[in-house]
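Just so it is clear, the model here is predicted, and its values are computed rather than measured. Convention: sequence-line order gives letters A, B, ...; per-chain numbering from 1.
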Number of protein chains: 2
Amino acid sequence: MGARQTLKGQQTRAAIVDTAVTIASIEGLEGLTIGRLAAELAMSKSGLFGHFGSKEELQLATVEAARQIFIHEVITPARQAARGLARLWALCDAWLSYMEREVFPGGCFFMAASAEFDNRPGPIRDQVAAQMQEWLDYLTKNVQHAQSLVQLSGSPEPAQLAFELHALVLGANWAMQLYNDRQTPARARRAILARLHGLATPQAVPLPALEDYG
Amino acid sequence: MGARQTLKGQQTRAAIVDTAVTIASIEGLEGLTIGRLAAELAMSKSGLFGHFGSKEELQLATVEAARQIFIHEVITPARQAARGLARLWALCDAWLSYMEREVFPGGCFFMAASAEFDNRPGPIRDQVAAQMQEWLDYLTKNVQHAQSLVQLSGSPEPAQLAFELHALVLGANWAMQLYNDRQTPARARRAILARLHGLATPQAVPLPALEDYG
DNA sequence: CCTACCGATCGGTAGG
DNA sequence: CCTACCGATCGGTAGG
């Protein structure tokens, strides 16, 4: 009976965190209130609260759940592409696709969370910053790989190019959220392809043509 | 006596809005509470409240004050440069400089406000969106001008290039706020100059060299 | 511009 | 997992 209760507890907790991710992507991690979350799940506040012990723990669990979704929706599909330039493009494309598909209804969870917590020191900010740094490092690694395969010119430092690609996707997320402009992802793809085509060597694996995106 | 009271009222209101801008850039426009603002100014809540009539009016006044600061700190200095490519660069440079000088302690006021309100329909979101659109349009106009002066290739649409420059500065603001990395503005300047150098024609007015920020 | 208050909601607790 | 409650704080109001 103990194991069964534990299993049920885990299921309840998973259901809570699942709903929390959706609410937080729209209302923010602070706008995610225990009362609202309990109402959405038709439970009492204190019943829900008991699964976490503090609001901060709930927020941290929510960030971790969002991370798993990001890995599943962006990184895993992009890994199908060969390392180097092809995967670098696949990562940017998958990231934009995840925004287009509205995996989170409020846009990229991590961009919203980082804007919300960049001025609030503490574990949540640290967690969000670490996860975004991981993503930037992964982009950087793929730039390095593309350069070592002589698919890309070595001229911009890997971290510099990773920053630029990251910024262009942030810009797309910003415009999509603020203006609901569905053409924004195509604009970001053109910008990224223009930059990559400008740096690609003759040995480079084929990238989509700029004209494919309008 | 009536005129004098009005003048004093205006001064008080201006002092309130001035403090509100600073708080809002750190805590957000919702985190800006009337109680906290009143405490900061050593006034009563209701005395402060009377100047606006609602929290939303206070927030709108705060956005408008931030706009005036942005115009004064970014657009006015950049207007010293000649129209076209020189001014386009001056706008990006002044925007990054305003971030470096921490004109707002919480980073670019409008980036924070747009991330906070992009999922909250209403007058504040509309106001923030309109002001950012004005800025994008101004960047676009300067791209057009540079193209008509044959300083820049006509190949990317003006709005496309404006989007890219905007995204790179957003990316710099994001990294500066989340990581406190003071080298980020130089990274953004290199990215912007690389893009502009790639599109500049032989007739182009001199731009700073990439190596100046290396 | 103030004091004194309002109903609602927040995160969190006691006790079962 | 619940009911019933806590002190603090929110935006806003009454009355002066």
Side-chain angles (χ1 to χ4, degrees), chain A residues 1-21 23-24 26-63 113 116-117 120-125, chain B residues 1-21 23-24 26-63 113 116-117 120-125:
Chain A
M1 233 12 201
R4 211 162 148 191
Q5 282 190 0
T6 297
L7 176 63
K8 196 178 172 192
Q10 287 173 343
Q11 287 173 341
T12 303
R13 195 189 139 109
I16 294 169
V17 171
D18 197 57
T19 305
V21 163
I23 295 177
I26 298 171
E27 316 279 356
L29 279 162
E30 280 297 325
L32 169 72
T33 67
I34 294 166
R36 156 113 197 249
L37 188 52
E40 198 97 14
L41 290 155
M43 340 177 23
S44 68
K45 269 172 53 177
S46 72
L48 190 153
F49 189 84
H51 284 274
F52 303 95
S54 72
K55 178 166 184 181
E56 192 169 89
E57 284 301 322
L58 166 63
Q59 291 170 316
L60 287 169
T62 303
V63 171
E116 189 178 3
F117 277 85
R120 300 188 201 187
I124 298 169
R125 175 195 159 132
Chain B
M1 236 9 202
R4 212 162 147 192
Q5 281 190 358
T6 296
L7 175 62
K8 195 178 172 193
Q10 286 174 344
Q11 286 173 340
T12 304
R13 196 189 139 108
I16 294 168
V17 171
D18 197 57
T19 304
V21 163
I23 294 177
I26 299 171
E27 315 278 356
L29 277 161
E30 281 295 326
L32 169 72
T33 68
I34 294 167
R36 157 114 197 245
L37 187 53
E40 198 97 14
L41 290 153
M43 329 173 35
S44 68
K45 269 172 55 177
S46 72
L48 190 154
F49 189 84
H51 284 275
F52 302 95
S54 74
K55 178 167 183 181
E56 192 169 88
E57 284 300 322
L58 166 64
Q59 289 170 316
L60 286 169
T62 304
V63 172
E116 189 179 2
F117 277 86
R120 301 188 200 186
I124 298 169
R125 176 197 158 128

Mind calculating the distance between [atom1] ([X]) and [atom2] ([N]) to the nearest angstrom?
| X | N | atom1 | atom2 | result |
| --- | --- | --- | --- | --- |
| A:His51 | D:dC2 | NE2 | C1' | 12 Å |
| B:Leu41 | C:dC1 | CG | P | 10 Å |
| A:Arg36 | D:dC10 | CZ | P | 21 Å |
| B:Leu37 | D:dC10 | CG | P | 11 Å |
| A:Glu30 | C:dT9 | CD | P | 18 Å |
| B:Leu32 | D:dG11 | CG | C1' | 12 Å |
| A:Gln11 | D:dC1 | CD | P | 10 Å |
| B:Leu29 | D:dG11 | CG | C1' | 16 Å |

[X] and [Y]: which non-hydrogen atoms are nearest, and at how many Å?
| X | Y | result |
| --- | --- | --- |
| B:Thr62 | B:Ala20 | OG1-CB, 3.5 Å |
| B:Ile16 | B:Leu58 | CG2-CD1, 4.4 Å |
| A:Ala61 | A:Arg13 | CB-NH2, 3.6 Å |
| A:Thr33 | A:Lys55 | CA-NZ, 4.4 Å |
| A:Gly35 | A:Lys45 | CA-CG, 3.7 Å |
| B:Leu41 | B:Leu48 | CD1-CD1, 4.1 Å |

B:Glu30 and A:Glu30, any side-chain heavy atoms less than 4.5 Å apart: no

Nucleotide pairing, DNA chain D (Watson-Crick or G-U, distances under 3.5 Å), in dot-bracket with [ ] and |: ||||||||||||||||

Under 3.5 Å between N/O atoms: give me all the protein pairs with nucleotides 12-16 of chain D, atom names plus distance.
| from | atom 1 | to | atom 2 | distance (Å) |
| --- | --- | --- | --- | --- |
| D:dG12 | OP2 | B:Lys55 | N | 2.6 |
| D:dG12 | O6 | B:Lys45 | NZ | 3.4 |

Listed partners of B:Glu27 passing side-chain hydrogen bond (donor to acceptor under 3.5 Å, both in side chains), at least two apart: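 Checked B:Glu27 against side-chain hydrogen bond (donor to acceptor under 3.5 Å, both in side chains); matches are B:Arg36.
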
N/O (side chain, A:Thr33) to phosphate O (OP1/OP2, C:dC10) under 4.0 Å: yes

Donor-acceptor pair, side chain of B:Gln59 and main chain of B:Ile124, under 3.5 angstrom: no

